[in-house]
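Bear in mind that the values here come from a model prediction, so they are computed numbers and not experimental data.
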Amino acid sequence: MRVIWPLLVVFAAALPGPQASAQAAESAWIVTQDLDAALVLAPGGEAPEGAVFDRPRERALYEVSAGLRAERLLGNGWSLGGRGALRVAKDYPTRPAGTGNLVPASVQSPAGALSRLSRGPGLAEAGPRGSLESAYLFLETGYGEFSLGRDTGVAARFHEGDVSALSSARLASPFLDPSGLAGVHTRPDVTGPSSKFSYTSPRLLGVRAGVSLTPRADTRGLDRDATGRAAPPRPELDNAVEVAVNVSRRLRESGVRLRAGLSYARAELDPPGGLEGVYASAVDQVAAGGEVSWRGGLSLGANWLWADEGLTGGGDYTAWSAGLAYDLANWRASFTYGRAEADAAGAETEALSLAIARPLTDAATIAVAWQDREVSPMGLAASEAGLPTANSRGVVVEITLAFENCLVSQC
């Protein structure tokens, strides 16, 4: 609580004065509603051999998100508003939100503070669940944008480099994973939807910077469980700071579009009971990504992430992915390859995806992909007898829906 009060003071100081508020009374609220849904199907396919999950891939996963945004233009040109979004999803039962054991072992290992990956016995299954993923106020000014509440941090917002034709079931940092073997996570989402204060600067010469401050990461989001209470237990993150820079430039003569993002995050660790000597006092994360697009429809992208897992005995998490995509008429085809090493889990992941997508209607898109994931034990996990490589390969079908409509006549 000692940290959140300064944030409230900063946010309140950015609010317009009495004159601006009087002018704002003449402006009308613009209220919009959005609804997004994704269905991921994985028919057939081989079972992950020798993995924690000794069974075929999940044949059907889904997520639904409903959001509401209210915005008012003030007399001085600033914009004041808020947004909320509720999501419901069914992910892989024993690894919801990508957490949990990636490699089987008789003894449970400590989980990585940021990757959330570990090795150990199988975990209990988790069914569908919901989460309030967004609930924040924002103020857009000529000096930048301020936001306060449940929101994504600037590191994830400024991240670049994913050119996949897939959305929820993409190769790196998937929101839905039918294989249960997703180990390549390059999206720097340190605190998930935990309450935070964020500031992002105006874009000047194509460059935008931002900072997010999260006093306590204590929210169990669908894609990031920051509570530390999920099995196996992990440290909670306190006083997390994220700084990020995003660059977007278009070279007019050639038509080439460049995008890049760079971020750094640091957080204090609050170890679970009984594991005080296992974890250090803080954890760091660095991420970078970029994309190059040409007029002909070709795009190249790559991203990379490194995290100090906060383990006193040492051990990092490193992941990268690269891909290319080609747009022709309404079609988009992509190829993505990625690798990751998770010391806490004792696992090395290699994955590739070949996908093609096209719109069915203005609101619906279908994508079909061939995906291959392989997880190999490494380090101490490799020394345990009888730990084979786990594989999951097969066709993945993704259907996404996106609707947005205005709820008032002033839109």
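With contacts defined as side-chain heavy-atom distances shorter than 4.5 Å, the pair E133/T152 does not qualify. Residues V395 and W370 have side chains in contact (heavy-atom distance under 4.5 Å, counting atoms from C-beta outward). Using a 4.5 Å cut-off on side-chain heavy atoms (C-beta onward), K90 and L176 make no contact. Side-chain contact between V154 and V243 is absent, with no heavy-atom pair separated by less than 4.5 Å. Proximity of P235 to D270: side-chain heavy atoms (C-beta onward) are nowhere separated by under 4.5 Å. No side-chain heavy atom of F158 sits under 4.5 Å from any side-chain heavy atom of S263. Counting heavy atoms from C-beta outward, L237 and L114 have side chains that approach closer than 4.5 Å. Contact check for F146 versus T141: side-chain heavy atoms found under the 4.5 Å cut-off.
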Practice problem: Could you go through the side chain to side chain contact (heavy atoms under 4.5 Å, CB included) check for R57 and Q371 one step at a time? | Solution: CA-CA 12 Å; R57 301 179 301 164; Q371 293 188 339; 5.6 Å; no
Exercise. Check the pair V64, L35 against side chain to side chain contact (heavy atoms under 4.5 Å, CB included), reporting the backbone distance first and the verdict last.
Key: CA-CA 7 Å; V64 179; L35 178 66; 4.0 Å; yes
Practice problem: Would you sort out whether S79 and F138 count as a side chain to side chain contact (heavy atoms under 4.5 Å, CB included), showing the intermediate values? | Solution: CA-CA 8 Å; S79 181; F138 65 84; 4.3 Å; yes
Self-check item: Pair L328-Y326, side chain to side chain contact (heavy atoms under 4.5 Å, CB included): steps then yes or no
Solution: CA-CA 7 Å; L328 179 62; Y326 185 71; 3.9 Å; yes
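Between S198 and R157, the side chains place a donor N or O and an acceptor N or O closer than 3.5 Å (distance only, hydrogens not considered). With no hydrogens or angles considered, a side-chain donor-acceptor pair links S168 and E63 at under 3.5 Å. Under 3.5 Å, the side chains of N303 and E291 contain no donor-acceptor pair of N or O atoms.
For residues 348-359, the set of pairs meeting the side chain to side chain donor-acceptor pair (under 3.5 Å) definition, not counting sequence neighbours, comprises Y337-E350, R339-E348, R339-E350.
Put simply, the side chain of D284 never gets that close to the backbone of R266: no donor and acceptor are under 3.5 Å apart. At least one donor-acceptor pair closer than 3.5 Å links the side chain of R119 to the backbone N or O of A344. Looking at H159, its side chain never comes within 3.5 Å of a backbone N or O of D189 through a donor-acceptor pair. At least one donor-acceptor pair closer than 3.5 Å links the side chain of D308 to the backbone N or O of G310. Between the side chain of R83 and the main chain of Y136, no donor-acceptor pair closer than 3.5 Å is present. Side-chain atoms of E58 never come within 3.5 Å of backbone atoms of S179 as a donor-acceptor pair (strictly under, hydrogens ignored). Between the side chain of S334 and the main chain of V163, no donor-acceptor pair closer than 3.5 Å is present. The backbone N or O of S194 lies less than 3.5 Å from no partner atom in the side chain of R216, so there is not a single donor-acceptor pair. With hydrogens and angles ignored, the 3.5 Å screen pairs no side-chain donor or acceptor of S118 with any backbone N or O of Q108. Judged purely by atom type and a 3.5 angstrom limit, T336 has no side-chain atom pairing as donor or acceptor with the backbone of S164.
Among the candidates H185, E341, R234, E309, the single residue satisfying the side chain to side chain donor-acceptor pair (under 3.5 Å) test with S115 is E309. With R87 as reference, D223 is the one residue of D34, D36, D223 to meet the salt bridge (Lys or Arg N to Asp or Glu O under 4.0 Å) rule.
Heavy-atom neighbours of R252 CZ from other residues, nucleotides or ligands within 6.0 Å: at or below the threshold of 12. More than 12 heavy-atom neighbours from other residues, nucleotides or ligands sit within 6.0 angstrom of CG on N405.
Applying the side-chain hydrogen bond (donor to acceptor under 3.5 Å, both in side chains) test to Q285 and every residue at least two apart in sequence or in another chain returns nothing.
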Which donor-acceptor pairs under 3.5 Å do side chains of residues 199-207 form with protein atoms, sequence neighbours excluded?
| residue | atom | partner | partner atom | Å |
| --- | --- | --- | --- | --- |
| Y199 | OH | Y143 | O | 2.5 |
| T200 | OG1 | R208 | NH2 | 3.0 |
| S201 | OG | A209 | N | 3.0 |
| S201 | OG | A209 | O | 3.3 |
| R203 | NH1 | G206 | O | 3.0 |
| R203 | NH1 | N246 | OD1 | 3.3 |
| R203 | NH2 | N246 | OD1 | 3.2 |

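With rounding to the nearest 0.5 angstrom, the OG1 atom of T94 is 8.5 Å from the CG atom of N101.
Closest of all the heavy-atom pairs between P110 and L311 is CB-CD2, 4.0 Å. For the pair S195 and R150, the tightest heavy-atom approach, listed with the atom from each and the gap, is OG-CG, 3.8 Å.
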